[in-house]
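Heads up, the thing below is written out as structure tokens.
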Amino acid sequence: MKIVTWNINSLRLRMPLLKGFVYEYQPDIIALQETKVADPLFPLGDCIGLGYRYVRFSGEKSYNGVAILSKYPIEESFCLEFYNHDKRHIAARIAGIELHNFYVPAGGDEPDEAINPKFKHKLSYLDLMNEWFLKNRNKNQNIVLVGDLNIAPLEHDVWSSKQLRNIVSHTDIERTRLNRNMNEFGFIDAPRLIFPETEKLYSWWSYRNLNWEKSDRGRRLDHIWVTPNLVTKPISSSIAKEMRKLKGPSDHVPVLVNIP
DNA sequence: ATGGTTGGCGCCCAA
């Protein structure tokens with residue numbers, strides 16, 4: 001089962017890029033974030049045309065929005081709302097796997113809960129995610145959690161851990177909380193089974209750096225976590241960095257995992 | 001220390 005997560009930053013604008021990506025990679029399941037489209041305007045026909053007959057989405061005008069596109073039947077789906085009514089989560093059960101697709105709040109610029117409500121909400125969102133999984137699921141189930149988690153937890157998930165230590169996405173408080181969410185439940189960071197922790201690994205490069213490829217100041221904000229059952233056989237994983245080089249790219253690139 | 005770009009909407013906000 002080939003699964004991909006991608007913060008596409010406007011699905012309607014980047015439908016041609018999605019089409020090219022599908023042609024190249026043929027994933028079975030696609031989890032998208034920042035679709036930025038209200039449900040009545042969702043391009044369902046285009047998704048079906050790409051070969052994804054089973055589609056679920058939860059969107060809103062202008063902001064946020066998530067979707068799951070599947071080649072295999074979706075047996076059940078649901079959305080969790082941890083933060084206002086933002087459309088930041090959708091889950092679907094497909095072929096015996098429960099897939100959770102999250103778009104965690106970015107958290108604003110100032111990494112201080114006392115003065116930045118966005119940062120406070122980001123941390124609260126992570127707490128509520130953790131509580132939901134501990135209360136409602138266990139690690140012996142077949143669960144895949146993907147999405148733009150807006151945190152680069154490891155030293156080599158950013159270009160300079162030292163220079164980013166006070167930058168939202170790589171502060172100690174965020175890194176600790178994301179690691180707690182992963183470890184308390186028993187999720188495994190799937191791409192890091194393939195790419196060692198000593199190696200730089202990114203899924204996002206800022207639009208603001210036009211020289212992004214040369215300077216390579218990236219961050220790994222997009223994640224795929226799996227329960228132990230799903231890695232009893234060797235998995236593979238990759239990051240489609242070339243998608244960042246195309247004309248009119250998202251600032252995030254697709255992260256893939258193949259579960260045998 | 002600062003600013004840089006993008007998308008969606010509508011003259012600015014979030015990322």
Side-chain angles (χ1 to χ4, degrees), chain A residues 5-21 31-43 46 57-67 81-89 101-113 115-126 146-153 157-160 162-171 173-175 178 202-223 240-255:
Chain A
T5 178
W6 189 14
N7 179 324
I8 198 167
N9 188 15
S10 176
L11 174 57
R12 287 174 294 176
L13 185 69
R14 273 181 257 285
M15 187 57 77
L17 266 65
L18 180 63
K19 188 176 181 179
F21 176 79
L32 300 171
Q33 306 87 38
E34 282 207 87
T35 53
K36 293 186 175 178
V37 57
D39 291 347
L41 298 173
F42 189 90
D46 290 339
F57 44 87
S58 176
E60 60 193 277
K61 188 178 177 180
S62 305
Y63 304 109
N64 309 318
V66 287
E81 287 188 4
F82 294 142
Y83 171 53
N84 300 335
H85 295 289
D86 287 2
K87 306 306 184 192
R88 296 181 177 276
H89 170 269
N101 178 15
F102 281 100
Y103 175 48
V104 171
D109 290 329
E110 190 60 56
D112 182 345
E113 285 189 83
I115 61 171
N116 175 9
K118 291 181 192 172
F119 193 69
K120 183 182 168 74
H121 286 139
K122 181 179 195 174
L123 299 178
S124 302
Y125 193 94
L126 293 163
V146 307
D148 177 2
L149 305 185
N150 264 315
I151 297 171
D157 289 340
V158 294
W159 61 277
S160 167
K162 192 175 174 181
Q163 286 185 251
L164 291 181
R165 76 180 197 281
N166 292 318
I167 301 297
V168 171
S169 73
H170 193 65
T171 60
I173 188 167
E174 292 166 276
R175 297 169 68 186
L178 196 71
Y202 313 136
S203 65
W204 173 89
W205 293 262
S206 174
Y207 283 131
R208 294 178 191 177
N209 185 356
L210 291 173
N211 211 12
W212 70 274
E213 192 177 1
K214 188 159 189 290
S215 58
D216 200 25
R217 294 183 170 190
R219 304 179 201 172
R220 187 170 71 112
L221 304 178
D222 303 277
H223 298 273
K241 185 178 179 180
E242 76 281 4
M243 295 299 294
R244 186 68 176 76
K245 301 176 188 178
L246 301 179
K247 194 178 174 192
S250 170
D251 45 353
H252 297 253
V253 299
V255 179

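Quick note on labels: first sequence line is chain A, next is B, and so on, each numbered from 1.
- If you take atom P in B:dT2 and the same atom in B:dT6, they sit 23 Å apart, rounded to whole Å.
- Looking at heavy atoms from C-beta onward, A:Thr5 lies in side-chain contact with A:Gln33 at the 4.5 angstrom threshold.
- Nucleotide B:dT5 holds its P atom 18 Å from the NZ atom of A:Lys247, rounded to whole Å.
- Note: A:His252 and A:Trp204 have tilted aromatic rings, judged against thresholds of 30 and 60 degrees for the angle between ring planes.
- Separating the CZ atom of A:Arg217 from the C1' atom of B:dG3 is a distance of 13 Å, rounded to the nearest angstrom.
- If you take atom C1' in B:dA14 and the same atom in B:dC9, they sit 12 Å apart, rounded to whole Å.
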Practice problem: At under 4.0 Å between heavy atoms, which parts of nucleotides 9-15 of chain B does protein reach? Answer with one letter per nucleotide, 5' to 3': B base, S sugar-phosphate only, - none. | Solution: S----SB
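- Partners of A:Gln163 according to the side chain to side chain donor-acceptor pair (under 3.5 Å) rule, which considers only residues two or more places apart in sequence or in another chain, do not exist here.
- Contact annotation for A:Asn9: backbone-only contact, meaning every heavy-atom pair under 4.0 Å involves sugar-phosphate atoms and none involves a base.
- Contact check on A:Glu81 versus A:Lys87 returns a salt bridge, with a Lys/Arg side-chain nitrogen under 4.0 Å from an Asp/Glu carboxylate oxygen.
- When rounded to the nearest whole Å, the span between CG of A:Asn209 and P of B:dT2 equals 19 Å.
- Ring pair A:Trp6/A:Phe21 is tilted by interplanar angle, where 30° to 60° counts as tilted.
- Atom-to-atom, CD of A:Glu110 to P of B:dA1 comes out at 13 Å; the value is rounded to the nearest Å.
- For the pair A:Pro153 and A:Leu178, the tightest heavy-atom approach, listed with the atom from each and the gap, is CG-CD2, 3.9 Å.
- The ring pair (Phe, Tyr, Trp, His ring centres under 6.0 Å) test with A:Trp212 singles out one residue from A:Trp159, A:Trp205, A:Tyr207, and that residue is A:Trp205.
- The distance from atom CH2 of A:Trp204 to atom C1' of B:dT6 is 12 Å, rounded to the nearest whole Å.
- Only the C1' atoms considered, B:dA15 is 13 Å distant from B:dG4, to the nearest whole Å.
- When the nearest nucleotides of DNA chain B are assigned to A:Leu210 and A:Thr35 by heavy-atom distance, the more 5′-ward of the two goes with A:Leu210.
- Backbone-only contact: A:Arg14 has heavy atoms under 4.0 Å from sugar-phosphate atoms and none from a base.
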